[in-house]
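Right, one structure below, let's go through it.
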Amino acid sequence: MTDDGRDGGLSSPEGREHEKPRQKRSSRVEIDGWINLDKPTGVSSTQAVGRLKFLFNAKKAGHAGTLDPLASGVLPVALGEATKTVPIVQDGAKAYRFRVRWGEESATDDAEGEIVARSDRRPAPAEIEALLPRFVGVILQTPPTFSAIRIDGARAYDLAREGESFQIQPRPISVYRLDLVSAEPDAAVLEAECGKGAYVRAIARDLGRALGCYGHVIELRRTRVGPFSADAAVGLDRLPDDPGLMARALLPVQAGLAEIPLFAIDRAGAATLRRGQKLLLRGPAPLQGPAYAECFGTPIAFGVIRDGYFVSTRVFNLRG
């Protein structure tokens, strides 16, 4: 048996018995930034992120705000250091356009579930519009039974699929806008702009109940998540065959921070933040609240400005 020089000169069977198995080195690369993805229907958010991670050969990926497989639209996907900004994007407002079918309520509040209630009544457009203000503002909403809400540590949708009986407590959500776009006898198209934690499926369910006719979502498209809009989103099917589009689709880490204030710091300030220390802001300080710091175009950290200091929440491992 010959030695190929990769095992430290242990060529005997006895020596090889004590070798540790080699770990296969990952071929994935460090890549940082955001992809404003237009997720198609029929693909889960996890599958979409997995495809992008493969296409970009990225080591780390995540997304801001799950979309059901039956839904399409904006799914912001973070790669590398951009994953640290996911909570910021998730806290941003989300906008939807959705179609509600009247006369039926489903177990899942969308077209995927079995029909659990029916009505022959159909609402007039004026009736729908008259009720919409009831669903705008800070309202109490009970999330759908088939949702990712945790009940004693388990996901509600898992309990529902197993036939378990449970209750989900209503919780406050913010609905900034709810408009009727068009109406026909059996369906209506609406647009909504909501805060974090709001379920459009639940809005359709509760609106149908209030109208006395039942309803569930049959089409859903998300048109905005925080700073990411559908107008600028890239289709998943277009990326594999267009390297130029892939390069243009990769947005900087700062794209996820576009809705909070930016302030510039020098290299000494950057070093302070990288050591995990709070930074004293000299001169006219930005307003109190969330902000992020940048040094010569490179994002250093995001956090909160409080009493003349910037206190970082997360520090980036990026080099300009």
Side-chain angles (χ1 to χ4, degrees), residues 26-99 108-113 144 146-148 155 157 181 189 191-194 196 198-201 217-259:
S26 172
S27 61
R28 295 193 181 275
V29 297
E30 298 284 357
I31 184 167
D32 307 303
W34 280 95
I35 309 293
N36 182 10
L37 183 69
D38 190 339
K39 187 191 83 67
T41 57
V43 177
S44 72
S45 295
T46 300
Q47 289 171 331
V49 172
R51 291 187 191 180
L52 280 184
K53 188 176 180 181
F54 173 79
L55 282 173
F56 284 86
N57 196 30
K59 284 187 175 182
K60 190 175 183 180
H63 65 81
T66 301
L67 270 182
D68 294 332
L70 293 181
S72 68
V74 176
L75 180 69
V77 178
L79 303 177
E81 288 295 284
T83 57
K84 293 177 179 178
T85 67
V86 164
I88 299 291
V89 177
Q90 285 181 325
D91 283 343
K94 300 173 180 66
Y96 302 87
R97 175 176 282 230
F98 57 105
R99 183 182 296 273
T108 57
D109 300 323
D110 62 16
E112 194 172 24
F146 284 80
S147 65
R155 297 289 188 185
Y157 53 66
V181 176
V189 175
E191 288 183 344
E193 189 173 350
C194 316
K196 184 178 180 180
Y199 283 86
V200 171
R201 286 181 289 148
V217 171
I218 56 173
E219 292 177 22
L220 176 63
R221 179 166 176 77
R222 188 159 65 190
T223 56
R224 184 164 75 90
V225 178
F228 300 100
S229 68
D231 293 341
V234 179
L236 185 60
D237 58 341
R238 295 175 55 201
L239 288 169
D241 302 319
D242 194 337
L245 180 61
M246 283 184 60
R248 295 192 301 275
L250 183 62
L251 304 174
V253 170
Q254 294 97 311
L257 300 167
E259 293 190 331

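Quick note: residue numbers are just sequence positions, from 1.
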Verify, without hydrogens or angle tests, whether Lys94 (side chain) and Gln90 (backbone) share a donor-acceptor contact under 3.5 angstrom.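 Flag set: sc Lys94 to bb Gln90 pair under 3.5 Å.
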
Which atom of [X] lies closest to which atom of [Y], heavy atoms considered:
X      : Y      : value
Ser45  : His63  : CB-NE2, 4.0 Å
Val89  : Gly256 : CG2-O, 3.4 Å
Ala198 : Cys194 : CB-CB, 3.5 Å
Pro40  : Leu236 : CD-CB, 4.2 Å
Leu75  : Ala48  : CD2-CB, 4.0 Å
Pro227 : Ala255 : CG-O, 3.3 Å

How about [X] and [Y]: do any of their side-chain heavy atoms sit closer than 4.5 Å?
X      : Y      : answer
Val217 : Leu70  : no
Asn57  : Ile31  : no
Leu220 : Asp110 : no
Leu55  : Pro240 : yes
Val74  : Tyr96  : no
Tyr199 : Asp109 : no

Scan for side-chain hydrogen bond (donor to acceptor under 3.5 Å, both in side chains) pairs involving residues 222-235, sequence neighbours excluded, and state none if there are none.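 Residue pairs passing side-chain hydrogen bond (donor to acceptor under 3.5 Å, both in side chains), neighbours aside: Glu193-Arg224.
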
Pairing residues for Ile88 by the side chain to side chain contact (heavy atoms under 4.5 Å, CB included) criterion, not counting sequence neighbours: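 Applying side chain to side chain contact (heavy atoms under 4.5 Å, CB included) to Ile88 gives Leu257, Ile260, Phe302.
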
Go through the steps to decide whether Trp34 and Val86 satisfy the test side-chain contact (heavy atoms from CB on, under 4.5 Å), and finish with yes or no. CA-CA 10 Å; Trp34 280 95; Val86 164; 3.8 Å; yes

Residues Leu239, Leu245; criterion side-chain contact (heavy atoms from CB on, under 4.5 Å); working and verdict: CA-CA 6 Å; Leu239 288 169; Leu245 180 61; 4.0 Å; yes

Rounded to the nearest 0.5 Å, what separation is found between the NZ atom of Lys60 and the NZ atom of Lys53? 9.5 Å

Give a yes or no on whether a salt bridge exists between Asp68 and Lys39, defined as a side-chain N under 4.0 angstrom from a carboxylate O.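 Here Asp68 does not pair with Lys39 in a salt bridge, since their nearest N and O are not under 4.0 Å apart.
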
Would you say Arg51 has more than 12 foreign heavy atoms packed within less than 6.0 Å of its CZ?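 No, the 6.0 Å shell around CZ holds no more than 12 heavy atoms from other groups.
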
Tested for side chain to side chain contact (heavy atoms under 4.5 Å, CB included) against Leu79, the lone hit among Leu250, Asp32, Val49 is Leu250

